[in-house]
Amino acid sequence: MIPEERALAPRRALVPTGAPAGDPVAAAEARLAAALEAVTALDAEVEALSAALAAFAEEVQRRLAGPDAEARRAAGLVRR
(Lines give C-alpha, C1' and ligand atoms only; values in the text may rest on other atoms or scores of the structure.)
Protein backbone atom coordinates (compact mmCIF):
# COMPACT_ATOMS: atom_id res chain seq x y z
CA MET A 1 0.00 0.00 0.00
CA ILE A 2 1.30 3.46 -0.89
CA PRO A 3 1.80 5.77 2.17
CA GLU A 4 -0.77 8.27 0.84
CA GLU A 5 -3.36 5.49 0.55
CA ARG A 6 -2.64 4.27 4.08
CA ALA A 7 -3.54 7.69 5.43
CA LEU A 8 -6.98 7.37 3.84
CA ALA A 9 -7.67 3.89 5.20
CA PRO A 10 -10.11 3.83 8.12
CA ARG A 11 -8.60 3.07 11.50
CA ARG A 12 -10.48 0.70 13.75
CA ALA A 13 -9.59 -0.76 17.11
CA LEU A 14 -10.96 -3.70 19.01
CA VAL A 15 -11.19 -1.60 22.16
CA PRO A 16 -12.59 1.97 22.12
CA THR A 17 -9.79 4.50 22.29
CA GLY A 18 -9.81 8.14 23.25
CA ALA A 19 -12.47 10.01 25.17
CA PRO A 20 -16.03 8.75 24.99
CA ALA A 21 -18.25 10.65 22.56
CA GLY A 22 -20.66 11.76 25.29
CA ASP A 23 -24.40 11.96 25.30
CA PRO A 24 -25.61 14.13 22.39
CA VAL A 25 -28.99 14.62 24.06
CA ALA A 26 -27.38 15.93 27.24
CA ALA A 27 -25.19 18.24 25.17
CA ALA A 28 -28.22 19.55 23.29
CA GLU A 29 -30.11 20.06 26.56
CA ALA A 30 -27.15 21.99 27.97
CA ARG A 31 -27.04 24.22 24.88
CA LEU A 32 -30.79 24.74 25.12
CA ALA A 33 -30.55 25.66 28.81
CA ALA A 34 -27.77 28.16 28.03
CA ALA A 35 -29.82 29.69 25.21
CA LEU A 36 -32.87 29.92 27.47
CA GLU A 37 -30.79 31.62 30.16
CA ALA A 38 -29.49 34.14 27.60
CA VAL A 39 -33.01 34.84 26.33
CA THR A 40 -34.28 35.28 29.89
CA ALA A 41 -31.49 37.77 30.62
CA LEU A 42 -32.28 39.69 27.43
CA ASP A 43 -35.98 39.69 28.30
CA ALA A 44 -35.22 41.17 31.72
CA GLU A 45 -33.07 43.83 30.07
CA VAL A 46 -35.85 44.69 27.62
CA GLU A 47 -38.33 44.96 30.50
CA ALA A 48 -36.01 47.33 32.37
CA LEU A 49 -35.46 49.46 29.27
CA SER A 50 -39.20 49.51 28.62
CA ALA A 51 -39.86 50.76 32.14
CA ALA A 52 -37.19 53.45 31.72
CA LEU A 53 -38.71 54.50 28.41
CA ALA A 54 -42.18 54.72 29.96
CA ALA A 55 -40.81 56.89 32.78
CA PHE A 56 -39.07 59.12 30.22
CA ALA A 57 -42.28 59.45 28.18
CA GLU A 58 -44.24 60.42 31.30
CA GLU A 59 -41.62 63.04 32.17
CA VAL A 60 -41.71 64.49 28.65
CA GLN A 61 -45.52 64.66 28.76
CA ARG A 62 -45.41 66.33 32.16
CA ARG A 63 -42.84 68.91 31.06
CA LEU A 64 -44.57 69.67 27.77
CA ALA A 65 -48.11 69.86 29.17
CA GLY A 66 -47.80 73.53 30.13
CA PRO A 67 -46.22 74.79 26.90
CA ASP A 68 -48.61 72.65 24.86
CA ALA A 69 -51.65 74.12 26.60
CA GLU A 70 -50.25 77.63 26.06
CA ALA A 71 -49.67 76.91 22.37
CA ARG A 72 -53.26 75.65 22.02
CA ARG A 73 -54.63 78.81 23.65
CA ALA A 74 -52.50 80.94 21.32
CA ALA A 75 -53.67 78.97 18.29
CA GLY A 76 -57.28 79.45 19.41
CA LEU A 77 -56.76 83.22 19.67
CA VAL A 78 -55.21 83.37 16.21
CA ARG A 79 -58.18 81.53 14.66
CA ARG A 80 -60.66 84.07 16.05
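- The existence of a salt bridge linking R62 and E58 is excluded, since no basic side-chain nitrogen approaches an acidic carboxylate oxygen closer than 4.0 Å.
- Side-chain contact between T40 and E37 is absent, with no heavy-atom pair separated by less than 4.5 Å.
- Interatomic distance, L36 CG to R31 CZ, rounded to the nearest 0.5 Å: 14.5 Å.
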